[in-house]
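Residue numbering restarts at 1 for every chain, and letters A, B, ... go by the order of the sequence lines.
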Number of protein chains: 2
Amino acid sequence: MKMQQTAEGVARPAGRPRSEKAEKAIIDATLDLIGEGIGVAELSIEAIAARAGVGKTTIYRRWSNKEDLVVDAMASLKPPIPLPEQGASVRDALVTYLRVIRDESSQVRTRCIMNIAMSDAERHPRLAERFREIAVEPRRRAVAAVIQRGIETGELRPDLDAEMAMAILSGTMMWHMKWAHQDRQPSDDLAERIVDEALKGFRPRPGED
Amino acid sequence: MKMQQTAEGVARPAGRPRSEKAEKAIIDATLDLIGEGIGVAELSIEAIAARAGVGKTTIYRRWSNKEDLVVDAMASLKPPIPLPEQGASVRDALVTYLRVIRDESSQVRTRCIMNIAMSDAERHPRLAERFREIAVEPRRRAVAAVIQRGIETGELRPDLDAEMAMAILSGTMMWHMKWAHQDRQPSDDLAERIVDEALKGFRPRPGED
DNA sequence: TGATTTCGATACGCTTGAGTTTCGCAACGC
DNA sequence: GCGTTGCGAAACTCAAGCGTATCGAAATCA
C-alpha cells in the first residue's frame with residue numbers, strides 16, 4: 001500500500017478513497033436495526049449491508065467483527081443533553097433533566113438502544129464502557145453541577161451526596177418507565193412529582209444549619 | 001389418545017407418563033444457560049437438550065417454541081423475598097429489603113436473568129408480564145405494606161405515595177448496581193445509605209402533621 | 001494513461017441450529 | 001402379554017448467515 005503526500009502533508013493511501021457516505025450508511029443501518037428491536041445477537045452483517053445498500057466487503061474492510069461495529073455505532077450517538085439553564089432554580093433544572101429521560105424512554109428506538117447498552121453490556125464490556133462514557137457520565141456531571149450550585153445557594157443541604165442524588169433521580173425515573181407504565185403511559189407531571197419528592201429529602205431541614 | 005380413569009377419578013392418558021424429572025432438567029438447564037450469560041437469541045434447543053441430558057423430542061413434546069420454554073423457566077423461579085419482619089422498624093425493614101436487592105444484583109446468575117427480563121421483555125411481552133408478576137409485584141406489595149405500617153405508626157408522612165417510595169428505593173439501588181460499581185464493588189452500607197437518604201424525605205416534617 | 005484501491009454484487013464453502021422422523025427400549029394400564 | 005405413549009439418540013432436510021473470493025466498474029493520483 002503505497003502512500004502519497006497531499007498538499008497538507010497528510011499521508012494517504014493510493015487508489016480510490018473510502019466512501020464516507022458508505023460508512024455513515026452502515027452506522028445508520030446498524031442503529032436503525034437496533035432501534036427496531038434487533039438484538040446484538042440477531043444482528044447480521046448481511047442485514048446491515050442490505051439495509052445500508054452496501055456490499056459486505058465494504059463492512060468487513062472497516063470492522064473486523066460485529067462487536068466493533070456496534071461499539072462504533074453506539075459511540076456515534078450524540079446524546080441530546082439539553083443542559084439545564086444555569087439561571088433556573090435547582091428544581092426547574094432537575095425537572096428539565098428528568099423530562100428528557102422520560103421523553104427518551106418513551107421512544108421505542110431509545111429504549112431498544114438502552115436495552116442493548118444495559119443488557120448486552122454484561123457480555124461486551126467495551127460496549128458498556130463506551131455507553132457509560134457517552135451517555136451516563138456527561139449527565140452525571142451535569143446533574144452534579146446543578147446540585148453543587150444548589151448547595152452553594154442554600155437551596156440544598158450542604159451535606160447532600162451528589163452521587164446519591166443522581167442515583168435517586170435517575171433511578172426513580174428509570175424504574176417508573178420500566179415497571180410502572182404497564183397499564184398507562186407516564187403521567188405528564190411525573191418528572192415534577194419525582195423531583196418534588198426527592199427534594200423533600202434534599203432541602204435543608206428547617207431549624208438546622 | 002385414550003383416557004383412563006385412575007382410582008382418584010382423574011383422567012390420565014394411556015401409555016408411559018411424561019417424566020417430571022426430564023421436565024425439571026429442561027427447565028434447570030434453560031436457567032443454567034441463561035444464568036451463564038446466554039441470551040434468549042443465542043439460546044438453542046440443542047444446547048438445552050444436551051445440558052439437560054434429554055432428547056430434543058422431549059422438549060418439543062412440551063413446548064412448541066423457545067419463548068414458551070423461557071417463559072415457563074422464568075416463571076419457575078421462586079423469588080426469595082424474605083419479607084421484612086413485622087416487628088422491626090420501618091427503617092430496618094427497608095434496609096433488609098434493599099440488602100436483598102443488592103445481594104441478588106451481585107450474583108452473575110441473577111443479573112443475567114434480570115437482564116433478560118428487562119431487555120428481551122421489549123420483544124416478548126408475555127415474558128415481561130410474567131416477570132413482573134412473579135418478581136416485581138410481590139415485592140411492591142411487601143414494600144407497600146411496610147410503608148403503610150410506617151404511616152400508621154407515624155414513622156412516615158401520612159401523604160407519602162407508596163408507589164413513589166417503592167420506585168425511589170428500588171430504582172436508586174438498581175441504578176447504583178448498574179452504573180456505580182464500575183471501579184469498586186458496592187459498599188457494605190449502601191442499603192443503609194439509600195434508606196437513610198430516602199427517609200429524610202419520607203419522615204414527617206417537624207412542626208407539621 | 002496506468003497503477004492502485006474501493007465500490008456493490010454475487011457466488012462459494014462452511015457451520016449452526018431448527019424442526020421432523022425413525023429407531024429400539026422403557027413404563028404404564030388393562 | 002398387549003396396546004399405547006414417552007424416552008434418548010441419531011439421522012435427516014432446510015434455512016440463515018458467516019467470512020472469503022471474484023467480478024467489472026469507479027475513483028483517485030502520478
Nearest whole angstrom, please: distance from the [atom2] of [N] to the [atom1] of [X].
X	N	atom1	atom2	result
B:Leu69	C:dG19	CG	P	12 Å
A:Ile59	C:dT6	CD1	C1'	14 Å
B:Asn65	C:dT20	CG	C1'	16 Å
A:Glu20	D:dT28	CD	P	11 Å
A:Lys21	D:dA27	NZ	P	10 Å

**OP:** Name every residue in residues 38-52 of chain B that has at least one heavy atom under 4.0 Å from any atom of DNA chain C, in order of residue number, or write none if there are no such residues.
**Re:** B:Leu43, B:Ser44, B:Ile45, B:Glu46

OP1 or OP2 of [N] versus the side-chain N and O atoms of [X]: is any pair under 4.0 Å?
X	N	result
B:Arg61	D:dC7	yes
B:Arg62	D:dG6	no
B:Arg16	C:dA26	no

What I'd like to find out is whether the side chain of [X] reaches to under 4.5 Å of the side chain of [Y], using heavy atoms alone.
X	Y	answer
B:Asp72	B:Trp63	yes
A:Pro138	A:Glu133	no
A:Arg130	A:Met74	no

Original post:
Does any donor-acceptor pair link the side chain of A:Lys56 with the base of C:dG8 at a separation under 3.5 Å?
Top reply: no

Subject >> Options C:dT4, D:dC7, C:dG19, nucleotide nearest the side-chain atoms of A:Ala14 >> reply: C:dT4

Original post:
The side chain of A:Tyr60 lies closest to which of these nucleotides: C:dC7, C:dG8, D:dT20?
Top reply: D:dT20

Original post:
Should B:Arg18 and B:Glu23 count as an ion pair when the cut-off is N to O under 4.0 Å?
Top reply: no

**OP:** Inspect the contact between B:Arg109 and B:Glu104 and indicate whether a charged nitrogen and a carboxylate oxygen are less than 4.0 angstrom apart.
**Re:** no

Original post:
Are the side chain of B:Lys66 and the backbone N or O of B:Val40 linked by a donor-acceptor pair below 3.5 Å?
Top reply: yes

Subject >> Which residues share a side-chain hydrogen bond (donor to acceptor under 3.5 Å, both in side chains) with A:Glu129, sequence neighbours left out >> reply: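 By the side-chain hydrogen bond (donor to acceptor under 3.5 Å, both in side chains) rule, A:Glu129 matches no residue at all.
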
Original post:
If you look at every strand shown and take non-hydrogen atoms under 4.0 Å, does B:Ser19 touch a base, only sugar-phosphate, or nothing?
Top reply: sugar-phosphate

